[in-house]
Amino acid sequence: MNISSLGNVPNITNQITTGAPQAGFRCDPSAAARSAGKSVAPGTDISGIGTLKSIDEAARQGYREDFSIRDAAESLWRKETQTFHLKDLDDPEKSKEFLENWRLQARWDLGIQDGGPTKDEVISAYIDTLRQNGLDGAVDWNGLAHELKSFQATSPEELEDGLNYMASRYVAALDKLERNYSGEELTAQRAKLEEVYQTGKSGVIDGYTRLLQDNLGISDSDAQAVRDSFSSILTEKENAYRGALKQVNEAMEQTGPDSVWLKNHDAYIASQLRAACKAGESTARYSVQDLTAAGQIAQDYRAEIDGASSCGRNEVTLGLNLAMADMKAETMISKGLVSDSMAALLRSSRAQGHENALAALNHALAQRESHWAAGEPKGTYAPVDSAVFRGIYDAVMSACRQNGGDAAKAIQAGASAGEKLTAQAASRAPKAARWGISMKHYLQEFYKAPEEQEVTLLGLKIKYLTNQKPRTSTYQKYVNSWQDFLSSIGGWVDIRA
């Protein structure tokens, strides 16, 4: 089942405003904002819930859209006319030409029509030149290295497309070299390609594996299995694209006068390879869909760890939010959206993932406690009370299993358990700022929309002046996020054991 629409579902941990002071009263709003930025990092399959794209798509030729012959020509024109080298500073003619082309492109981008040459006229003339002169067989090593490097921070949303792009670019570049070089020169060119490609592969594999290790807490052996799966998947994709080379090259010969230059435009050939074929079922331990799922759950965990690190979470919100992440994982497992191997990895890593989040919170509390403000008693930032987290988390997960996957009711169970558990925590650490009245108020207001809470004259004025739309309660945000999640993977699912 393809579940690519998950890329449009918001991350619950980014979406929900908890409404109460978290690990203490002196929270750092700027740190919380930085934390939220880290968790959005941003396709296909179960990818990209609440992520932002950190990649440089401008570095990639024909990455997503249909890369037409005209697009291929324009990419060459841009590179040729809008790449400025420092050595050209002393050449008035080259400097003038660069500025003229830069202004020309700026006018096109802004839609300015001032009687100058149109984009269509310029690119058409450039294509005529390409048809006459063709392209040589050299690979733009700096450009290719930059393209592949842009995948170092690939998010789950971009994983499948990114792997396809990298493998197809490698196969197309190798084919170009083998058609244009021979002997020792070909050997040297191949070696350079392998160096650039292996660096790019290592970047995406290591970066994605770290995402899983740092946040899900997967073991070293599981991390190696992830790396091995990536290597196998890329090899399979390379082989599939090699199998399509003959078909694509023959199609290039049918492009008339454009065949003179298109056959050596390796980015265009790569786009045609991606359009011509897809790799079959992978034999890797973890499929791309498995890795995408794991990456998404890891991003949910990262949001909690980052939030805890800035005192933007406490044991209550960590319990609710990590339970939400794990309910998503259980739902995907129940619907058969991940393999048995990935299901085992997600389940076995949970305890370590929880520990990572609690350790981040404990460190933040210790930092606050060592720098408490004048007038604050010792113990204002008491250490983590893991009983609160575990009690709320277990209540949510147990309720979810018992009611067949109704996360809304499960969150209710967690909030209800929180009332008793936080009261007990307050008795154990009566000076802790996050318990007592602060937490009691938070849980009492959990189901209330802001408009139902205490209203002040100033609040009404601000709402009127800023034309604020009605807001929902903290609980309703959980409900909305869960409904979006279920919709994206095909509806309701019963996850009872």
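Side-chain atoms are counted along with the backbone in the values below, which use heavy atoms only and exclude waters and symmetry mates. Count residues from 1 along the sequence.
Between the CD1 atom of Ile305 and the CG atom of Leu361 there is a distance of 11.5 Å, given to the nearest 0.5 Å. In this structure, CD on Gln189 lies 9.5 Å from CG on Asn180, to the nearest 0.5 angstrom. Rounded to the nearest 0.5 Å, atoms CG (Leu346) and CE (Met342) are 5.5 Å apart. In this structure, the separation between CG on Leu345 and CZ on Arg285 is 7.5 Å, given to the nearest 0.5 Å. For the atom pair OH (Tyr381) and CG (Asn362), the distance works out to 15.0 Å, reported to the nearest 0.5 Å. Annotation: the span from Cys311 atom SG to His363 atom NE2 amounts to 10.0 Å, rounded to 0.5 Å.
Although no hydrogens or angles enter the test, the distance criterion places a donor-acceptor pair under 3.5 Å between the side chain of Asp290 and the main chain of Ser339. No donor-acceptor distance shorter than 3.5 angstrom exists from the side chain of Asn480 to the backbone of Gln483, with no hydrogens or angles considered. With hydrogens and angles ignored, the 3.5 Å screen pairs a side-chain donor or acceptor of Asp71 with a backbone N or O of Ser68. For Gln247 (side chain) and Ala244 (main-chain N/O), no donor-acceptor pair under 3.5 Å exists by modelled atom type. Between the side chain of Glu236 and the main chain of Thr283, a donor-acceptor pair closer than 3.5 Å is present. Between the side chain of Ser481 and the main chain of Lys477, no donor-acceptor pair closer than 3.5 Å is present. Distance alone, capped at 3.5 Å, places no donor-acceptor pair between the Lys176 side chain and the His265 backbone. Proximity of a side-chain donor or acceptor of Ser124 to a complementary backbone N or O of Asp120 within less than 3.5 Å is detected. Distance alone, capped at 3.5 Å, is enough to place a donor-acceptor pair between the Ser150 side chain and the Glu147 backbone.
Residues Leu193 and Val139 are not in side-chain contact: their nearest non-hydrogen atoms beyond the backbone lie 4.5 Å or more apart. Tyr268 places none of its side-chain heavy atoms less than 4.5 Å from the side chain of Asp258. The closest side-chain heavy-atom distance from Lys328 to Gln296 is not below 4.5 Å. In this structure the side chain of Arg70 reaches within 4.5 angstrom of the side chain of Ile123, judged on heavy atoms. Taking 4.5 Å as the limit, some side-chain heavy atom of Met166 sits within range of a side-chain heavy atom of Val204. Contact check for Asp222 versus Tyr286: side-chain heavy atoms found under the 4.5 Å cut-off. By the 4.5 Å heavy-atom criterion applied to side chains, Met327 and Phe485 are not counted as neighbours. Side-chain contact between Leu174 and Val171 is absent, with no heavy atoms from C-beta onward closer than 4.5 Å.
Contact between Ala73 and Leu130 at its shortest, heavy atoms only, is CB-CD1, 4.1 Å. The minimum heavy-atom distance linking Asp266 with Ala172 is given by the pair O-CB, 3.3 Å. In terms of heavy atoms, Gly137 sits closest to Leu177 at O-CD2, 4.1 Å. Summarising the geometry of Val288 relative to Leu159, their closest heavy-atom pair is O-CD2, 4.2 Å, with the distance given to 0.1 Å. Nearest heavy-atom pair across Leu273 and Ser168 is CD1-O, 4.0 Å. Here the closest non-hydrogen pair linking Arg350 and Tyr393 is CD-OH, 4.0 Å.
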Please assess Leu322 against His354 for the test side-chain contact (heavy atoms from CB on, under 4.5 Å), listing each intermediate value before the final yes or no. CA-CA 8 Å; Leu322 289 178; His354 297 169; 3.9 Å; yes
Using side-chain contact (heavy atoms from CB on, under 4.5 Å), reason through Tyr241 and Ile269 one step at a time and then give a plain yes or no. CA-CA 10 Å; Tyr241 291 132; Ile269 297 296; over 6 Å; no
Show, in sequence, the C-alpha distance, side-chain angles and deciding distance for Ser75 and Phe67, and conclude whether the side-chain contact (heavy atoms from CB on, under 4.5 Å) test is met. CA-CA 10 Å; Ser75 72; Phe67 198 48; 4.0 Å; yes
Under the criterion side-chain contact (heavy atoms from CB on, under 4.5 Å), I'd like the reasoning laid out for Tyr181 against Thr187: C-alpha separation, chi angles, the key distance, then a yes or no. CA-CA 9 Å; Tyr181 295 92; Thr187 300; over 6 Å; no
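Screening residues 207-236 for ring pair (Phe, Tyr, Trp, His ring centres under 6.0 Å), with sequence neighbours left out, gives Tyr208-Phe230. The salt bridge (charged side-chain N to carboxylate O under 4.0 Å, His left out) contacts involving residues 193-206 comprise Asp206-Arg227, where partners must be two or more places apart or lie in separate chains.
With hydrogens and angles left out, the side-chain atoms of Ser221 and Gln224 include no donor and acceptor closer than 3.5 Å. Side chain to side chain, Glu160 and Thr292 fail the donor-acceptor criterion of an N or O pair below 3.5 Å.
More than 12 heavy atoms of other residues, nucleotides or ligands lie within 6.0 Å of CG in Asn133, so this atom counts as buried by the packing criterion.
Put simply, the residue from Asp326, Asp306, Asn321 that forms a side-chain hydrogen bond (donor to acceptor under 3.5 Å, both in side chains) with Tyr301 is Asp326.
Under the 4.0 Å criterion applied to side-chain N and carboxylate O atoms, Lys263 and Glu253 are not assigned as salt-bridge partners.
By the 30° and 60° cut-offs, the orientation of the rings of Tyr165 relative to Phe151 is tilted.
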